[in-house]
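Here is the structure we will look at, set down as structure tokens.
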Amino acid sequence: MACEQDYYTIMCGMQELDLQGNAVPSDLLLTGEHAFPLAMSPRGQVLMAASHYGKGRVVVLGHEGYLTRFPDLIKNAIKWLMSHSDAAGIVGIQKSLRSVAENLNHYPIKTELGDFRSGLAVYITDAYSVDNCATDLIAFIKAGGGLIMGGQAWHWATTHPKENTINDFPGNKVCSVAGIYFTENYGKIGICPVPRQIPFSWRALSTGKDFTDDLHVLLEGVSEFDIQGSTLPSEVMVHGPLAFPIAVTPAGKAFIAGAYYGQGRVILLSHESYMDRDSLSTFLINAIKWLDQDRKGVIGIEPRLRPARTVLSKSGLDCQVTGFREDLSIYVCTSYSDAQSAEIQEFVAEGGGLMIGGHAWHWDKTHCGCNVMNDYPGNRILNKMGLSLLGSTLSRELYKAPEIEQICKEGYHFRNMLHRFAEHVNLGQELTDHEQSCLKQLGNDCASYLCMRCHDSPAYISMVVLLSDIVKKFGVPQVSSNCPVESAKGYLMLHIATEVYNVTPDPDALLPYIIKDRPNLPSVSNARVRISAKTEDWEEWISTGLYLSPGMKTYVAVPPEIIGKNWQVQLGCQTDNIGESNVLKRAPVVHQRFPLNAEKVQVCNLWGGLIYVIAPPQSKVDGVEIVVQDAVQAPYFKSGETSIADWGDRIRQTPAPWAELEFENIIMTLKSDFIRNLDRPDEVAKLWDTIMRSIADLAAKPGKIPRKERFVADVQISAGFMHAGYPIMMHDISAPELVDVQKAYKDGLWGQIHELGHNQQRGVWEFPPHTTECTCNLWSLYVHEKVLRLNGGNAHPGITLEKRQARIKSYCDSGKDFKNWNIWTALETYMQLQEKFGWDAFKKVFALYHDMNGVPNDNEGKMNLYAETFSKVVKLNLCPFFKAWGWPIQPDTQKKLSHLPEWSDHPMVQYT
């Protein structure tokens, strides 16, 4: 880091600082990305610090007496402050600090005693005399000037009990813009060692202020936060020492938060629509007044938030729809653009108010391979302010406003909770039951914080050091199916270990503390893999047949055709995040991606994994070649390329623990143990080629699928016994069924085909939630009948004739309540259609939907369209049948189909 060299320059030649004596310093609070400590007490209190702002630099001492007590430090600081300045080398010294000027007479430094003026290179002042020149000093620093300030705020705070030290203490009106604040806390005096590197301590972790007064203002007259409706909020992470939650769920997750930043203030709402909600108007008006700080200035509202003007105008302030302007008191905007991030940050740092709203979950879902903490536009503004929007969502509910005393003293805050856990690790202090219940949230937040990857920030680096130390001291559970993790501490450590390994400067030193026994598998060098892809609106995994062991590094040589075009390497096939599970059989996240943006890219994953090349949407390459420097060969069979002889003699025994079988339309990834004795993968291929062509056949699609489906078997998955997607995930207990041809013909593959059916479902003919777990079974029925020759109860015990009849009778006897028309009951409707009209009718219906436009968005509209479409395909009016099932068939639909003969003898006649 550049700040390491800055620290060395300022502290050069000093071994320790003797702070004993009558001067009682203030503890300094550091925020933002540029501030770093120079002197830290054994209790973790920062007593001297430095930072950057604009083009200039600042050094702050926790007592004005230190300005004369440490002349060598002042000399070094002046050297550092002037090293980049273009101004004439004059050091201005506040006139009451004559002794400082006298100390500098021994050095070749030109000094000038007096008030601040322009033209200086450096200005030295106490923290009490800057009220009248604060604006000029900030402009001076921003333009490249250097400032040394000494003072303490604890005495001022005792004589100004009703004032806000962070905001109102004179020194903070200047140095806060650089992320350094004087606090009202006494600094513990003694002898401070001067380490070779910037001092860090877990003891320094805490919030920097009691936010009780702020919350009293913000929550006055607010009893609840109504965020019900269609808008889905993101979770807000509160991680800065001057940031605080305002509205939280019962689990303590924030959806509205605030922060101090420099001299200014921030309110973050996790959806922009909240800014024009009448139900939130009391809070919004309170927030506007808190942000305005009694300036009674102009509120600028981003044009896309024009509806918010009606609510915000109730504050009595002048609300204008405008783009960002420096003359505003408050700027109201969304989090979807970072086009003016630097200007907005500077605006707030110098006293402006920011109300910003938006969610990050949709961005996160639509930007695969991107880092929401780092890359989401709003977070490029907010991270420095101690707030971030996460990709996770919260429920849309009516939440009570928090009890102020409770949220301030007992509410969850990332920094306070991490401080408590560090006390537990380092000092053996027991955690309360409430704190134990917060550890899972802490694990999520640690992982999110580390994903910022702000390696130029001393605050970020200090967090990496802290969490690395925790991993080394506390250890990480050796999680597996035989050694599951159930404790909150184990969960926390798995989260921390994964992410801190990814960002620490020396991951190899950390690896033995995370994984005790790593296999030493033989590797191959310079493995060449040819890549071909033709994608449309999807990304595609391309298998390489190579594997990396846990912590194993390698380089990938990238062909020029794909450099910098959003191609990636993925390590690991298990892409499910199982972090919401109560029991873990592996770490929550065990895969990782790397952009292919250079001729040679280094890749490594803590947990190892198969190597994939990820082709982005709209890609077309044919036979380009990547070269993997070192990797482990994996058992990999590919139809049309791998011979049965090679498979049996060599390939299936290659050492990687994960194997892949790639057929015409599907790829299966499973533990190598399941295929070591597989003699005839070609027979497995024959079965699955037939299955997949039949799936395409029912969907009225070409037999060759543009993107092959994937199955991945894992020790644990995020939902259900299996779940659909790309890839389809299943528990590894089901993996042997994929390659056992005889068993498939005997017992069927209902679950696997069910998930493949999910991937065929389309919203235009789906009626969620009724048919979500229903219409996917059309493919199970079709494959079991046409390929596996299993019908009725032989295909699944849930569709025996007796159970079918009982379900229909139960549904009709209960009044055909449509909320009960789902899963098997709903499937019965489709099965009756199939038994009357055959599978060809479904194929024709699906084919018509491929090119259909103007499909309604609501279930009722879609169901009427489906009844109309199916009727026209079979040339019968099916309205009586669908109405007998309780479908909301409209008169208009009946009129459209009145020219067709009615299906009068349908199976439901007896129940009408």
Side-chain angles (χ1 to χ4, degrees), residues 529-535 538 540-547 573 610-613 615 633-648 650-652 654 656 658-672 674-699 701-714 722 724-730 732 734-745 748-760 779-780 782-784 786-788:
V529 181
R530 296 187 72 81
I531 301 297
S532 296
K534 185 178 181 181
T535 63
W538 61 79
E540 183 174 350
W541 300 10
I542 300 172
S543 302
T544 66
L546 300 171
Y547 171 85
C573 58
L610 290 170
I611 303 174
Y612 299 92
V613 176
Q633 284 192 312
Y636 177 43
F637 177 89
K638 187 172 183 179
S639 294
E641 295 185 14
T642 309
S643 73
I644 299 303
D646 279 350
W647 171 261
R650 177 181 59 84
I651 296 174
R652 63 177 171 176
T654 51
W658 286 90
E660 289 200 316
L661 306 174
E662 181 170 350
F663 306 141
E664 179 188 41
N665 282 318
I666 197 165
I667 304 168
M668 300 172 180
T669 308
L670 60 169
K671 289 180 179 177
S672 297
F674 295 131
I675 56 82
R676 296 295 190 198
N677 297 318
L678 178 64
D679 295 321
R680 297 295 302 273
D682 57 325
E683 293 181 356
V684 181
K686 182 179 178 182
L687 168 65
W688 281 98
D689 288 349
T690 307
I691 289 173
M692 294 305 298
R693 284 186 171 270
S694 72
I695 285 174
D697 181 42
L698 178 57
K701 295 178 180 177
K704 183 71 173 68
I705 297 174
R707 180 179 70 173
K708 298 181 182 184
E709 296 277 16
R710 281 184 175 270
F711 279 123
V712 172
D714 195 358
M722 299 181 190
Y726 182 81
I728 295 169
M729 297 297 301
M730 64 172 61
D732 56 14
S734 302
E737 298 173 5
L738 296 174
V739 295
D740 191 334
V741 176
Q742 289 184 338
K743 189 175 186 300
Y745 279 105
L749 293 162
W750 188 276
Q752 290 85 344
I753 310 305
H754 171 97
E755 303 305 338
L756 287 164
H758 271 306
N759 284 357
Q760 295 300 322
W779 277 266
S780 292
Y782 187 73
V783 169
H784 282 74
K786 298 296 184 181
V787 179
L788 303 177

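Start at 1 with the first residue, then count along the sequence. Not measured: the values here are computed from a predicted model.
With hydrogens and angles disregarded, a donor-acceptor distance shorter than 3.5 Å links the side chain of W647 to the backbone of L678. Under the 3.5 Å distance criterion, the side-chain polar atoms of S694 are left unmatched by any main-chain donor or acceptor of V783. For the pair R652 (side chain) and G648 (backbone), a donor-acceptor distance under 3.5 Å is present. Proximity of a side-chain donor or acceptor of W688 to a complementary backbone N or O of L738 within less than 3.5 Å is detected.
In terms of heavy-atom proximity, A696 sits nearest to G703 at CB-CA, 4.1 Å. Across all non-hydrogen atoms, the minimal contact from V739 to F674 is CG2-O, 4.3 Å. Residues H758 and A724 share a closest heavy-atom pair of CB-CB, 3.3 Å. In terms of heavy-atom proximity, Y726 sits nearest to W541 at OH-N, 3.0 Å. Counting all heavy atoms, side chain and backbone alike, S780 lies closest to H754 at OG-N, 3.1 Å. Between L610 and A634 the shortest heavy-atom distance is CD2-CB, 3.7 Å.
The environment of K534 atom NZ is sparse: at most 12 non-hydrogen atoms of other residues, nucleotides or ligands sit within 6.0 angstrom. No more than 12 heavy atoms of other residues, nucleotides or ligands lie within 6.0 Å of NZ in K686, so this atom counts as exposed by the packing criterion.
Every side chain to side chain donor-acceptor pair (under 3.5 Å) that E660 has, sequence neighbours left out, goes to S543, Y612, T669, R710. Among residues two or more places apart in sequence or in another chain, the ring pair (Phe, Tyr, Trp, His ring centres under 6.0 Å) test is passed with F663 by none. Shown here are the side-chain contact (heavy atoms from CB on, under 4.5 Å) partners of A659, two or more places apart in sequence or in another chain: P635, S672, I675. Residues that satisfy the side chain to side chain donor-acceptor pair (under 3.5 Å) test with E709, not counting sequence neighbours, are N759. Legend: residues meeting ring pair (Phe, Tyr, Trp, His ring centres under 6.0 Å) with Y745, ordered by chain and number and at least two apart, are absent. Residues meeting the salt bridge (Lys or Arg N to Asp or Glu O under 4.0 Å) test with R707, sequence neighbours left out: none.
Atom SG in C573 sits 14.5 Å away from atom CE in M668 (nearest 0.5 Å). Taking CD1 from I753 and CD1 from I695, the interatomic distance works out to 4.5 Å, rounded to the nearest 0.5 Å. With rounding to the nearest 0.5 Å, the separation of CZ in R676 from CG in D679 is 14.0 Å. Here D697 contributes atom CG and T690 contributes atom OG1; the two are 12.0 Å apart, rounded to the nearest 0.5 Å. For the atom pair CD (E755) and CE (M729), the distance works out to 11.5 Å, reported to the nearest 0.5 Å. In this structure, the separation between CD1 on I611 and OH on Y547 is 10.0 Å, given to the nearest 0.5 Å.
In this structure, V529 and V613 have side chains that are not in contact, with every pair of non-hydrogen atoms separated by 4.5 Å or more. Contact of the S639 side chain with the D682 side chain is not registered, since no non-hydrogen atoms from C-beta on lie closer than 4.5 Å.
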F637/E662 under side-chain contact (heavy atoms from CB on, under 4.5 Å): CA gap, chis, key distance, verdict: CA-CA 6 Å; F637 177 89; E662 181 170 350; over 6 Å; no
Check against side-chain contact (heavy atoms from CB on, under 4.5 Å), E664 and R693: CA-CA 9 Å; E664 179 188 41; R693 284 186 171 270; 2.4 Å; yes
Verdict with reasoning, M730 to E737, per side-chain contact (heavy atoms from CB on, under 4.5 Å): CA-CA 11 Å; M730 64 172 61; E737 298 173 5; over 6 Å; no
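When each of N665, I728, L749 is checked for a side chain to side chain contact (heavy atoms under 4.5 Å, CB included) with L756, only I728 meets the rule.
Note on ring orientation: taking the six-membered ring where Trp is involved, the planes of H784 and W750 are tilted (angle from 30° to 60°).
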